[in-house]
Structure formats: C-alpha cells, structure tokens
Amino acid sequence: MKNHTPHAATAAAGKTRDAFSSSFGVLAATLGSAVGLGNIWKFPYVTGANGGAGFLVIYLLATLLVGLPVMISEIMLGRKAKSDAVTTLRTLAPAGQPWWLIGAFGVVAAFLIMAFYTEVAAWVFAYVFKALRGDILSSSPAVTSAAFKGLISDPVQSLLWQWGVLLLIGGILLFGVAKGIEAVTKKLMPLLFVLLLVIGARSLTLPGAAQGLSFLFTPDWSKISGEVVLVAMGLAFFKLSIGMGTMITYGSYFRDDQNIPATTLRVMSADLFVSMLAGIAIFPAVFSFGFQPGAGPALLFITIPAVFASMPFGHVFMVLFFVLAAVAATGAMLSLLEVPVSVMVGRFGISRARATLLNLLLLGLIGSSCALSNSVLADVKLFGMTFFDLFDYLTSNVLLPLGGIFICLFVAWVWGKQKMMEALSNHGVLDNGKIVKGLHGLLKLVTPLLILLVMFKGLGLI
Ligand code: PHE
C-alpha cells in the first residue's frame, strides 16, 4: 500500500523510516510538543492580562471547536503519508494542486516561532543558573525587574544563551526520532508533572491563596472583546502546536495501531491540565504576596522570582520552577526544529546531521533578531513592534490560524469522509465512525468559518 512505503530517500538508503517506537513514546513526544512555554509563560500572563476566568472559557471553547479537529486532522494526514509536512500534502493532494504550500508556510512559521521561542527559553535557562546562585532572590519587584532588564538588554548574554539553547536542541535531534526526541521526552514529561504538582501544592497552601483561585475561576465578561477572542484562539493554536505542520510531522512518526482521536484527546486534556496547574502554581502565590497578575510577558521573570523570594524555602522552589519551564520548553523546541529538519531530509534527501546543522545556522541568524530586540535592535520596529513581538503576534494570530483553515478545507473537501474513516478507524479495526462524522461536520464549515470570523474580528477587519 502506498501509505506504508517509506519515503524514496530513506528507501534508497535501504533503511526503514525512523519513528516513535512505543505507545507511551508517541504520547510523551506529542505532549512534549504541546506542553511548553505556552503553558508556563504565555498562558498565565495572557490569562492574567485578559481578565482570568472569562478568557479561560473562551480558550476552552477554542481548544475544543478549533484545536481538537485541526490536531486530529494533522496527525491523521502525517501518519497516512509518513512524510514531512510538505511532502505529505504533496502526496495526498490531487496532482497539480498547491496544497503543499500549507507545509511550506509551516516551515516559515516554525522559523519565526523558534526565533522568539529560543530567546524566552534562553532567559529560562539563564534563570535556572541565576536561581541556583541566588542572584534573583529578592522579594522586591524593583530588584527582580532590574535583574531581568540587565539580562535582556545585554546583547552578548542574550545571544550566547540563545545559541546554547539551539545547540542543545540540535544535539538531541541528531539522535533522530526514536533515540532523540522520544527518548528525551519520555524522561522529561514525568519529571514535568512531578515538579508541577510540588510547586502547585506549595502555592495552594499559602495564606490568601483563594483570591488567586477566584481570579482564575470567576469570569469577568466585561473584558472580552474581538481581540481577546482572537488571542484566545491564537493561544489554542500555539498551545497545541497546530496550523504549521508540527503535528503532521509528528503524526508521520505515529504507530499504525495508535488510536489517533483517543491519543489526541489525551494530549489535549493533559495540556489543559498542565496550563491549569501552572495557573494554580502561579496565581494564588501572586495574590498571596500582594502582587498584580496582569504583568504582561514579564510576569514569569519579574513577578515570579519576587513571589518565590517571599515564601519559606522560596529559593528551592524558584530553582524547581525554572527547571520546570526549561523542561517544558525543550520538548516544544524539539518539535519546532523537527519541522524544517524533516522537510530537508524528506524532500531533498539531505542527511539528518547536515539538515540539523544547516537549520541551526539559519536559526542562529534569524533568532538573533529576537535576541537583540531588547538591546541593539530595540528601536527597529515593523508595524510598531520589535522583531520579537512581531514574530509572536504574526504566528499566533495570523499564520497558524490561516494554516488551520486550509488544513480543515483540505481534509473535509479534498480528502473527504471516506478516507478519513479509513485513516481514523485504522482500516476498520477501530470503531471511530461517530467521531469521524462529527469531525467531518466541524471541518467542513464550522471550524474554518469560526477561525475566519475570529481572525477578521480580532484584526479589526470587520
Ligand atoms: N506548543 C508549544 C508551547 O505551548 C509551542 C509550539 C508551537 C510548539 C508550535 C510547536 C509548534 O509552548
């Protein structure tokens, strides 16, 4: 059968295509991609800035109505074609139709996300060391703010930490899919949950923690606008690593006996759980010590250290917290970099080692525009934003949603229900008929229209 044929490049080398080797490995790697700085860095500050619980409800709706269908679709396409994001759409689309552009734009999005993501990861890794040395142990936000500004406005430190992060991720990817991505995420994901539970328990047992919980769980609808809904949807895309080929790529490493809808649902729920736990670890503590939650992207690097410094054994918890963020960031970055690496290997037959090296060099260049966004390039602005902010805004609010729309259209209108049925039932083995029907209904109109509407409204076009 066509879909079980290894790609030409690997077939020529006489090898079978590298893939995830166990069911737990599939789960760990996919969850490793979804869980990331999105949960620990973005989710808390975006929720904080947009009114807490009301935003949360919209985010949940976006995850279910938009995120879940797109994520299942991507994984399904990847596993069917067993190829990189560009080749997958090229193989599955009727000859001559340019659906492969979804994959190509995905590669662009992967670069833009990596450019700013590796910089936030760079701060996180730097903070692990700073926390260990006790450098940022002050309960005064003025002091922690000066420490953060000192780091981000130093071009040399910013660049070196970013390149260090890139080398770490590239180094893991050199080992391939099973021995690199899968092996590492299998160790990191359990560690992440343990750390999160320990820190969450600490935060919840602080005096006045209830105020933080009510902020997170009592909706204030007055803060919800078109722009806020767009931000919630953008976050859902970013969180689930969809709309840009990451899940197509990872889907291509899925086992044939894996139940795709069930696995996706598990990943989505676990990812939500991590975000909630991160919120529970952060907001009660923030309120308990009288800080404000809507501190913007700096919440993690200015408010959090001050919060930790205010509590008993705060030094230990601060170290654990930044290790947690570093662990989360690592799994996500592996999946981001794997998108262009797999395209180079799959489409152009370049070796994995060369492809990784080439991408690292390119990212070192593109990423430095973000690393320097708070120092030498602080005044270089496009649409009123620094490179860092622009890449962040453009990917979450434009590129990923657009990619999502086209994935829906391709699956529902070009590929069709029959093929979905075959792919999601593992050729009749699983009884996923109802899920396919519901999914097809959503993908045909509801999901793409919702995305389009939210995009237009949020960007002020309607
Ligand atoms: N999902 C990751 C996070 O939440 C980020 C990411 C986006 C990873 C897109 C891969 C692709 O941090």
Q: Under 4.5 Å between any side-chain heavy atoms of I172 and T330, yes or no?
A: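 In contact.
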Q: Could you give all pairs that pass the ring pair (Phe, Tyr, Trp, His ring centres under 6.0 Å) test and reach residues 254-279, with sequence neighbours left out?
A: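 Of all non-adjacent pairs touching residues 254-279, none passes ring pair (Phe, Tyr, Trp, His ring centres under 6.0 Å).
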Q: Under the side chain to side chain contact (heavy atoms under 4.5 Å, CB included) rule, collect the residues that match up with E227, sequence neighbours excluded.
A: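 Partners of E227 under the side chain to side chain contact (heavy atoms under 4.5 Å, CB included) test: S225, V231, Y393.
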Q: Going by salt bridge (charged side-chain N to carboxylate O under 4.0 Å, His left out), name the pairs with one or both residues in residues 302-317, residues two or more places apart or in two chains.
A: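 Salt bridge (charged side-chain N to carboxylate O under 4.0 Å, His left out) check on residues 302-317 returns no pairs.
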Q: Between the main-chain N or O of S373 and the side-chain N or O of T386, is there a donor-acceptor pair closer than 3.5 Å?
A: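 Between the backbone of S373 and the side chain of T386 there is no qualifying donor-acceptor contact (under 3.5 Å).
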Q: For F129, what residues pass the ring pair (Phe, Tyr, Trp, His ring centres under 6.0 Å) criterion, not counting sequence neighbours?
A: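 In terms of ring pair (Phe, Tyr, Trp, His ring centres under 6.0 Å), with neighbours along the sequence ignored, F129 is linked to W161.
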Q: What pairs with L449 under side chain to side chain contact (heavy atoms under 4.5 Å, CB included), at least two apart in sequence or on another chain?
A: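 Partners of L449 under the side chain to side chain contact (heavy atoms under 4.5 Å, CB included) test: L445.
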Q: Tell me, please, which residues at least two apart from L213 pass side chain to side chain contact (heavy atoms under 4.5 Å, CB included).
A: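 Side chain to side chain contact (heavy atoms under 4.5 Å, CB included) check on L213 returns L204, F217, I280, P284.
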Q: Assess, by modelled atom type and distance only, whether the side chains of D271 and N39 contain a donor and an acceptor separated by less than 3.5 Å.
A: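 Result is yes, a qualifying pair exists.
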Q: Quick one: side chains of residues 335-342, donor-acceptor pairs under 3.5 Å with protein atoms, not counting sequence neighbours, listed by atom name and distance.
A:
residue : atom : partner : partner atom : Å
S335    : OG   : S33     : OG           : 2.8
S335    : OG   : A332    : O            : 2.7
E338    : OE1  : R352    : NH1          : 3.2
E338    : OE1  : R352    : NH2          : 3.2
E338    : OE2  : Y253    : OH           : 2.5
E338    : OE2  : R352    : NH2          : 2.7
S342    : OG   : E338    : O            : 3.0
S342    : OG   : V339    : O            : 3.0

Q: Going by the side-chain hydrogen bond (donor to acceptor under 3.5 Å, both in side chains) test, which pairs reach into residues 52-77, not counting sequence neighbours?
A: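 Qualifying pairs: none.
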Q: Test V120 against every option in D392, V165, L37, I40 by the side chain to side chain contact (heavy atoms under 4.5 Å, CB included) rule and name the one that passes.
A: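 It is L37; the other options fail the test.
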Q: Would you give me the side-chain donor-acceptor pairs under 3.5 Å for residues 396-403, sequence neighbours excluded?
A:
residue : atom : partner : partner atom : Å
S396    : OG   : K42     : NZ           : 3.4

Q: Look at atom CG of D257 and say whether more than 12 heavy atoms of other residues, nucleotides or ligands are closer to it than 6.0 Å.
A: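 Yes - once you tally the heavy atoms of other residues, nucleotides and ligands closer than 6.0 Å, there are more than 12.
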Q: Measuring from atom OG1 of T185 to atom CZ of F24, what distance do you get when rounded to the nearest 0.5 angstrom?
A: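 So the OG1 of T185 and the CZ of F24 are separated by 8.0 Å.
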Q: Does F175, at its CZ atom, have more than 12 non-hydrogen atoms belonging to other residues, nucleotides or ligands within less than 6.0 Å?
A: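 It does not: F175 CZ has 12 such atoms or fewer within range.
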Q: Listed by chain and number, what are the salt bridge (charged side-chain N to carboxylate O under 4.0 Å, His left out) partners of K186, not counting sequence neighbours?
A: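 Scan of K186 (salt bridge (charged side-chain N to carboxylate O under 4.0 Å, His left out), adjacent residues dropped) gives E182.
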Q: With no hydrogens and no angle check, do the side chains of R79 and N426 hold a donor and an acceptor under 3.5 Å apart?
A: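 Note: R79 and N426 side chains meet the donor-acceptor criterion.
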Q: Applying side-chain hydrogen bond (donor to acceptor under 3.5 Å, both in side chains), which residue pairs with at least one partner in residues 434-451 are found, sequence neighbours left out?
A: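 Pairs touching residues 434-451 that pass the test: none.
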Q: For M311, give me all partners under side chain to side chain contact (heavy atoms under 4.5 Å, CB included), at least two apart in sequence or on another chain.
A: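 Applying side chain to side chain contact (heavy atoms under 4.5 Å, CB included) to M311 gives R202, L206, A285, F289, V307, F308.
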Q: Has the side chain of T30 got a donor or acceptor atom that lies under 3.5 Å from a matching backbone atom of L27?
A: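 Absent.
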Q: What verdict does the salt bridge (Lys or Arg N to Asp or Glu O under 4.0 Å) test give for D84 and R17, after you've listed the backbone C-alpha separation in whole Å, the side-chain angles of each residue and the deciding distance to 0.1 Å?
A: CA-CA 11 Å; D84 61 274; R17 194 166 179 267; over 6 Å; no
Q: Quick check on ring pair (Phe, Tyr, Trp, His ring centres under 6.0 Å): which of F291, F215, F43 does F283 satisfy it with?
A: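 Of all the options given, the one that passes is F215.
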